[in-house]
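Quick caveat: nothing in here was measured; it's all calculated off a predicted structure. Each chain gets a letter, A, B and so on, in the order the sequences are listed, and its residues count up from 1.
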Amino acid sequence: MAIEEEILQATLAASQKLYGQAPDVKALQLSATRKEFEGDLTLVVFPLLKLSHKKPEETAEDLGKELVANVEAVSGYNVIKGFLNLCISKSNWIDTVNSIAADPHFGIVEATADSPLYMVEYSSPNTNKPLHLGHVRNNLLGHSVCQILKANGIKVVKTNIVNDRGIHICKSMLAWKLFGNGETPESTGKKGDHLVGDYYVRFDKEYRAQVKDLVAKGMAEDDAKKEAPLMKEAQQMLEKWEAGDPEVRALWEKMNNWVYEGFDKTYKRLGISFDKIYYESQTYLDGKAKVNEGLEKGVFYRRPDGSVWADLAKDGLDEKLLLRADGTSVYMTQDIGTAQQRFRDYNIDKMIYVVGNEQNYHFQVLSILLDRLGFEWGKDLVHFSYGMVELPEGKMKSREGTVVDADDLMDEMIRTAKETSGDKLKDYSAEEVDNIARICGLGALKYFILKVDPRKNMMFNPKESIDFNGNTGPFIQYTYARIRSVIRKAADAGLQVPARLEAKYELSERETQLVQNLASFPQAVKQAGKDYSPAFIANYCYDLAKAYNQFYHDFSILKEENADAQQFRLLLSSLIANTIKTGMELLGIEVPERM
RNA sequence: GGUUGAGUAGCUCAGCUGGAUAGAGCAACAGCCUUCUAAGCUGUGGGUCAAGGGUUCGAAUCCCUUCUCAAUCACCA
């Protein structure tokens, strides 16, 4: 039994004995003692006053005596106001270290045959432009949440729904057809997604010029936007696409494939992957079918113009369009179709959508609609709603070119990492140096994004860029590399990391705190899983690394003369390195052996 | 206007289900490398936790009101 649990149980028993009744365990609060006070664990006694009918100090004294008498590991206590500070025997912490060392999957719960299956949808790009920083946040959060769920013993299917059809796709296709002169990724040397994105921007530029022109000729702006020849042509292209026009379909496939090649490179570099990819071009028809089914069952209704709607009044919402009068589908229709296919393909216990908070309303509606259509998990679907990445000038906008491009940003981070390393790596091959720069640059980027509470909007200032010092990914990576270095040097000196500790070493305050910090990793994983919060893991890793660096500064390992102390520190260091590595893996961040 | 979320140091952010004197990093200043990796460590300054009320032994945290910002409320996705 963990020491915390043992103390809580003993406290309940003590309360029963002394006061005739015990409180609910959940009312008890036991936490690490703040460093300005003596002791290791602190019990807050205020919740027990109602039972004891005594002053806080007296109650704490009562309980302190009982705990010392009944819990072997509790070696002493002191009372400050309503806080009972407990001193835990040194040998208990050695036992803790040994049990961590004996567990090859420390902090990780393995899935079993009975484990639930969660499907997590993330990334979900449009195939008309390259990925930007906003997408990066989505991808990193999605990937990390999957890792964290797996670490909590849940089976996970990582999925991506590619928005590969629609008017926006036709815009870049049309612009390429009109102005592209047959350009290809090969002929221009551009990544396919960037090439296509350029034509999406080009469309918007030409289109705006046409609108301006029409307005100058006296047309109202709203009409001009509808009447501009480019817009009409794009719409015609969409109709042809839906009708299966061979020429349009061929162009669509060609350009989408360029984009996919580009995306693949970006995903690979980011370390993102999927178990199953869905395409809206293959799910929207199912959506239509499902909506028609709902129509027959009376779940939805048809208006005189032929459009199909859902009435959400009894859920406190408005009416929602599901099929246009011309029979074409909208976003919601496609999401219903996608859900249908997923439900058919997998035995999903829970569906999690990693999608920005701008779509909160959409998912509120989707949940209700899926429920009405008979999907058991519909009303329990989770919209993992994350905040926007903002620039100092405000929101990023693709068409206005105010986006931070994902590929450019990664290049820049890696380049900066290389500069930062200076000549520290001059003994390594160019390949090794590049790999370390890659690990650190991406680590800085990923940590920067993941350390922030997902629900909140976050700020990215390109001018200040992303730091490599302080509370950053490289700081944590550095701590790992540092420990690995010590362990290599130890091996050179003939010192191995022990598998377990036999001696009764008297650890210092700082070492005790480090052990406690390390031992709380499983709780951090659990909490992160419960809250779907990579930020919780990020902050845990930082705290652990910070605490280790303080220890490292004040204590020697290789030069330590006391063999018990040395053995203890080697094992503790090694376990901390392993835990940092595991924690960073949950964030999708690699750690280097040296840097 | 309705709904939802946010507001903590000059800046970027922590602060878990209410607990001790609200914490980090960056920026500024002052120190620490012939000694296990200085991407590190130590110290100084910096706060009306948006404002006001309430709940209680105790509130940045829970409740109410107000203010500010964001998203959303489309036959866009």
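Taking the ring axis of A:Y284 as reference, the NZ or CZ atom of A:R165 stays within 45° of it and closer than 6.0 Å to the ring centre. Cation-pi contact between A:K171 and A:Y200: absent, since separation from the ring centre below 6.0 Å together with deviation from the ring axis within 45° is not met.
Among the heavy atoms of the strands lying under 4.0 Å from A:S421 is at least one base atom, whether or not backbone atoms are also near. Residue A:P392 is out of contact with every strand shown, counting any heavy-atom pair closer than 4.0 Å. Across all strands, A:Q29 comes closer than 4.0 Å to base atoms (heavy-atom distances). Residue contacts for A:M388: at a heavy-atom cut-off of 4.0 Å it reaches no nucleic acid atom on any strand shown. Nucleic acid contact for A:K546: sugar-phosphate only, since backbone atoms but no base atoms lie under 4.0 Å from a heavy atom of the residue. When heavy atoms are screened at a 4.0 angstrom cut-off, A:F475 is found touching the sugar-phosphate backbone but no base atom. Contact annotation for A:D531: no contact, since no heavy-atom pair falls under 4.0 Å across all strands. Residue contacts shown for A:Q523 are absent, as no nucleic acid heavy atom lies under 4.0 Å away. When heavy atoms are screened at a 4.0 angstrom cut-off, A:E319 is found touching no nucleic acid atom at all. Using a 4.0 Å heavy-atom cutoff across all strands shown, A:Y542 reaches sugar-phosphate atoms only and no base atom. Heavy atoms of A:N85 sit under 4.0 angstrom from at least one base atom. Heavy atoms of A:Y361 sit under 4.0 angstrom from primed sugar atoms or phosphate atoms, though from no base atom. As judged by a 4.0 angstrom heavy-atom cut-off over every strand, A:F448 is placed among residues making no nucleic acid contact.
Annotated as anti: B:C64, whose glycosidic dihedral deviates from 0 by more than 90°.
In this structure, A:Y447 atom OH and B:C26 atom P are separated by 12 Å, rounded to whole Å. The CG atom of A:L391 sits 14 Å away from the C1' atom of B:U12 (whole-angstrom rounding). At whole-Å resolution of the value, CG in A:N539 and P in B:C13 are 13 Å apart. Between A:N357 atom CG and B:A71 atom C1' the separation is 6 Å, expressed in whole Å. Following rounding to the nearest Å, A:F536 (CZ) and B:G15 (P) show an atom-to-atom distance of 8 Å. A:Q359 has its CD atom 7 Å from the C1' atom of B:A77, to the nearest Å. In this structure, CG of A:N461 is placed 21 Å from P of B:G25, rounded to the nearest angstrom. At whole-Å resolution of the value, CG in A:D318 and C1' in B:G1 are 14 Å apart.
Here the two rings, on A:Y353 and A:F384, have centers that are 6.0 Å apart or farther.
B:C16: no Watson-Crick or G-U partner with both key distances under 3.5 Å is found in any strand. Here B:U34 sits opposite no nucleotide as a Watson-Crick or G-U wobble pair (both hydrogen-bonding atom distances under 3.5 Å). If you check B:U68 for Watson-Crick or wobble pairing at under 3.5 angstrom, you find it paired to B:A6.
Residue whose closest nucleotide on RNA chain B sits further toward the 5' end, between A:E280 and A:A481: A:A481.
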What verdict does the salt bridge (Lys or Arg N to Asp or Glu O under 4.0 Å) test give for A:D453 and A:R455, after you've listed the backbone C-alpha separation in whole Å, the side-chain angles of each residue and the deciding distance to 0.1 Å?
CA-CA 6 Å; A:D453 184 341; A:R455 292 170 307 165; 2.8 Å; yes
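Classification of the A:Y552-A:Y548 ring pair by plane angle, with boundaries at 30° and 60°, yields tilted. Ring geometry, A:F83 versus A:F46: the interplanar angle exceeds 60°, so the pair is classed perpendicular (tilted spans 30 to 60°).
A:T42 contributes a side-chain N or O that forms a donor-acceptor pair with the base of B:A20 under 3.5 Å.
Residue ring and nucleobase are stacked for A:F37 and B:A20, with a centre distance beneath 5.5 angstrom and an angle between planes beneath 30°.
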